[in-house]
Number of protein chains: 2
Amino acid sequence: MRGHQVTIKDIAKMLHISPSTVSRALKDHPDINPQTKKNVQDLAKQMNYKPNKVALSLLQQESKIIGVIIPEIIHHFFSTVISGIEKVANDAGYHIIICQSNESYLKEVENVQALLSSNIDGFIISMAKTTTRFEHFKNIEEVGVPVVFFDRPCEEIKADRVIVEDYNGAYNATMHLIENKCKNIVHFAGPQNLAIGIDRRNGFLDALKEKRYPIHDYTIQYCDTFKHAQHLIPELLLVHPEIDGVFAVNDETAVGAMIAIKKLNKQIPSDIAVAGFTNSFISYMTDPELTTVDQKGYEMGQSAAQLLLNRMQSYDDFEPVTKTLNTELIIRKSSVRI
Amino acid sequence: MRGHQVTIKDIAKMLHISPSTVSRALKDHPDINPQTKKNVQDLAKQMNYKPNKVALSLLQQESKIIGVIIPEIIHHFFSTVISGIEKVANDAGYHIIICQSNESYLKEVENVQALLSSNIDGFIISMAKTTTRFEHFKNIEEVGVPVVFFDRPCEEIKADRVIVEDYNGAYNATMHLIENKCKNIVHFAGPQNLAIGIDRRNGFLDALKEKRYPIHDYTIQYCDTFKHAQHLIPELLLVHPEIDGVFAVNDETAVGAMIAIKKLNKQIPSDIAVAGFTNSFISYMTDPELTTVDQKGYEMGQSAAQLLLNRMQSYDDFEPVTKTLNTELIIRKSSVRI
DNA sequence: AGGGTTGTTTCAAACGTTTGCAACAAATAG
DNA sequence: CTATTTGTTGCAAACGTTTGAAACAACCCT
């Protein structure tokens with residue numbers, strides 16, 4: 001038969017006193033007789049009493065839980081962010097509950113609803129690729145639960161956010177490819193309904209413009225997964241063998257491109273130089289190692305959690321804060337031509 | 001000012017009826033006047049009423065939440081398992097709350113306590129490397145919450161478990177190296193307080209024994225991380241240049257070894273063949289691609305969740321079930337000598 | 001008219017905890 | 001010897017929801 005956690009009532013019954021006395025004894029309330037206090041505390045310890053968080057949550061209207069909604073946990077970047085969030089949250093006495101949207105709008109809505117009705121104290125969210133309607137976020141706003149967006153913010157919602165300098169990161173990576181004598185660089189871009197997709201693309205384009213590089217119809221390719229890059233590279237190089245540089249919106253895509261390029265017996269970086277974005281741990285496991293833009297996942301998670309904790313202190317008609325982490329170009333062998 | 005979710009009481013007040021009537025109206029109870037029902041349902045919809053899960057959880061002593069405790073989310077294997085768990089759990093109307101132990105015993109204990117006092121309906125756990133005491137698991141047993149272990153079970157606890165054929169997987173991988181003419185294979189082994197560490201080591205050793213290969217004092221190296229492997233390889237090959245095969249307890253370690261081997265200007269697989277364990281996605285991003293044993297993360301997660309759901313149905317003095325998934329040797333270029 | 005049925009609604013308790021206030025005894029003050 | 005203080009404990013309400021039982025009116029049956 002299923003037992004249950006020891007409750008204050010159990011202790012009260014065993015000592016023939018009232019639950020309120022037990023409650024006060026446990027928190028060292030001055031009104032309670034020292035002997036009673038000792039009895040209660042000893043018994044509580046012996047029986048391994050732990051306060052029921054659900055009851056507390058209902059009573060105090062706060063759960064000490066932060067809801068985190070991310071696209072996919074299997075991406076190294078997101079699991080890094082989660083680690084950062086968890087660190088800061090735990091240190092402040094909070095736990096996190098993680099939900100995946102799997103890049104699906106419907107799943108994201110479902111997750112928001114589920115978390116809202118679980119008395120969550122705050123949200124940390126990175127939007128799904130496919131999300132183009134925002135009622136569910138508005139709903140959070142109405143209920144008055146603080147939200148922090150990271151990496152993929154929702155522009156329609158008044159909320160704090162943490163992002164990286166996507167534009168600068170992309171600009172720097174592209175400049176680096178240009179300095180390494182790439183004449184014909186293509187960009188594997190992310191979806192343009194996300195700011196990261198737009199900003200990285202613009203950083204790339206502006207670097208080309210600054211150096212008066214021509215922009216062809218094939219310069220921007222919408223391709224942001226490992227598999228797609230593997231298929232796209234052979235097709236692309238067949239038509240445009242002059243391509244000698246690839247800058248991808250994320251590391252997986254860059255690695256997919258690298259593998260496909262090597263299969264065509266082209267050398268990296270001498271024939272084609274490659275750079276990615278994220279600095280995922282795969283970037284130093286490839287051969288050659290991948291040049292990439294460090295997206296600071298762990299720090300991003302920490303900042304997001306910190307912003308949320310701050311916002312939970314003072315929520316009344318606030319001015320949203322945007323924290324922008326600076327990126328760092330990590331130069332490795334996939335792009336350096338001697 | 002922070003608002004709040006609409007409650008049954010709010011609706012009751014607005015319609016000048018009692019909360020119980022509202023409750024019944026919402027669930028289409030036959031006792032309720034059709035007109036009242038309609039009023040309630042319309043207003044509830046309009047005000048976007050969602051039942052408060054915390055209140056339900058307290059009342060019904062079930063939360064529809066499954067607690068998942070894993071060592072580290074950033075490992076691809078674990079995030080794959082989580083995806084499998086989430087799929088099955090969500091389909092059954094459950095949500096999961098994920099906690100990381102970071103391979104720390106203390107953090108694991110803390111997580112168990114926190115989840116226990118949150119009215120969790122069940123646990124899915126993979127033990128931390130450093131866990132050698134089990135009171136916290138015993139505690140779960142006492143309270144009567146069902147547990148399923150995966151990948152790294154606790155031998156002292158009566159609980160269902162999902163594991164892979166670690167022994168067979170290791171045996172097959174080792175045999176494969178032998179068939180590819182490796183004469184001097186070392187094993188980078190995991191910690192021996194975990195069954196996976198023991199079983200994979202034994203599978204390796206038994207394959208050697210069967211082929212009457214000598215077992216030297218350096219044949220087993222305790223090394224199970226990327227970094228450690230990178231440091232260990234140069235030291236090891238300096239003393240034992242005759243080594244021509246490495247079988248690592250996981251893919252990260254295998255990749256660490258590969259990179260270090262390549263740095264020494266040795267060829268893989270011709271000088272040294274390498275095999276790993278997990279079939280993480282990094283295994284096909286390396287050059288050469290890594291031969292490995294598929295650990296079936298997603299399926300493992302699904303099975304674990306399914307076992308837990310079953311056990312939640314019938315918990316009374318059960319006989320624990322162990323589900324063993326068969327492994328599959330994925331042969332890639334890092335081990336095939338022509 | 002008394003009893004019973006039917007339809008509809010409300011009451012009250014329960015889940016575990018906290019906390020303002022009331023209650024009570026004993027001790028002290030006036 | 002009453003009045004107040006002090007020390008200690010218990011009551012009851014609250015958080016949001018469900019649910020058995022009670023309540024009540026309106027109706028029908030004998």
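Order of the sequence lines fixes the chain letters, A, B, ..., with proteins taken first and strands second; residue numbering starts at 1 for each chain. Keep in mind the model is a prediction, meaning the values are calculated, not measured.
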Salt bridge present between A:Glu155 and A:Arg161 (N-O < 4.0 angstrom)
yes
If only side-chain N and O atoms of B:Lys9 are considered, is one of them under 4.0 Å from the OP1 or OP2 phosphate oxygen of D:dC15?
yes
Calculate the interatomic distance between B:Leu26 atom CG and D:dT19 atom P; express it in whole Å.
13 Å
Heavy atoms under 4.0 Å, any strand shown: does A:Ser20 hit a base, just sugar-phosphate, or nothing?
base
Under 4.0 Å, counting only non-hydrogen atoms across every strand here, what does A:Asn33 touch: a base, just sugar-phosphate, or nothing?
sugar-phosphate
When all nucleic acid strands are considered with a 4.0 Å heavy-atom cut-off, which category describes B:Thr21: base, sugar-phosphate, or nothing?
base
Let me know, please, whether B:Pro19 or A:Pro30 comes out on the 5' side of the other along DNA chain D by nearest nucleotide.
A:Pro30
side-chain N/O B:Gln61 vs C:dG16 OP1/OP2, d < 4.0 Å:
yes
Toward the 5' end of DNA chain D, by each residue's nearest nucleotide, A:Leu59 or A:His29
A:His29
Taking the side chain of B:Ser18 as heavy atoms from C-beta outward, which of D:dT9, D:dT18, C:dT10 is closest to it?
C:dT10
Under-4.0 Å salt bridge between A:Arg152 and A:Glu103:
yes
Using side-chain heavy atoms (C-beta onward) and a distance below 4.5 Å, is B:Met14 in contact with B:Leu43?
yes
Can you say whether a donor on the side chain of A:Arg24 sits under 3.5 Å from an acceptor on the base of D:dG7, or the other way round?
no
Under 4.0 Å, heavy atoms only, any strand: does A:Asn52 hit a base, just the sugar-phosphate, or nothing?
sugar-phosphate
Assign each of B:Gln60 and B:Ile17 the nucleotide of DNA chain C bearing its closest heavy atom; nearer the 5' end lies the nucleotide of B:Ile17
Between P of D:dT9 and CD1 of A:Ile32, the distance in whole Å:
6 Å
Look at the side-chain N and O atoms of B:Ser23 and state whether any lies under 4.0 Å from the OP1 or OP2 oxygen of D:dT17.
no
Rounded to the nearest angstrom, tell me the gap between atom CG in A:Leu15 and atom P in D:dG10.
10 Å
Rounded to whole angstrom units, what separation is found between the CG atom of B:Asp31 and the P atom of D:dT19?
13 Å
Nucleotide D:dT17, atom C1' - distance to CD1 of B:Ile11 in whole Å:
12 Å
Distance in angstrom units between A:Lys27 NZ and C:dG16 P, rounded:
17 Å
With B:Ile66, the side-chain contact (heavy atoms from CB on, under 4.5 Å) member among B:Val148, B:Ile124, B:Ile98
B:Ile124
Closest to the 5' end of DNA chain C, once B:Thr36 and B:Ala55 are matched to their nearest nucleotides, is B:Thr36
Mutual orientation of the aromatic rings belonging to A:Phe137 and A:Phe149 [parallel < 30°, tilted 30-60°, perpendicular > 60°]:
perpendicular
Pair B:Glu86, A:Asn102: side-chain N/O donor-acceptor within cut-off below 3.5 Å
no
May I have the distance from A:Leu56 (atom CG) to C:dC15 (atom P), rounded to whole angstrom?
16 Å
Given D:dT17, C:dT9, C:dT18, identify the nucleotide with an atom nearest to the side chain of B:Ile8.
D:dT17
How many Å lie between CG on A:Asp10 and C1' on C:dT17, as a whole number?
13 Å
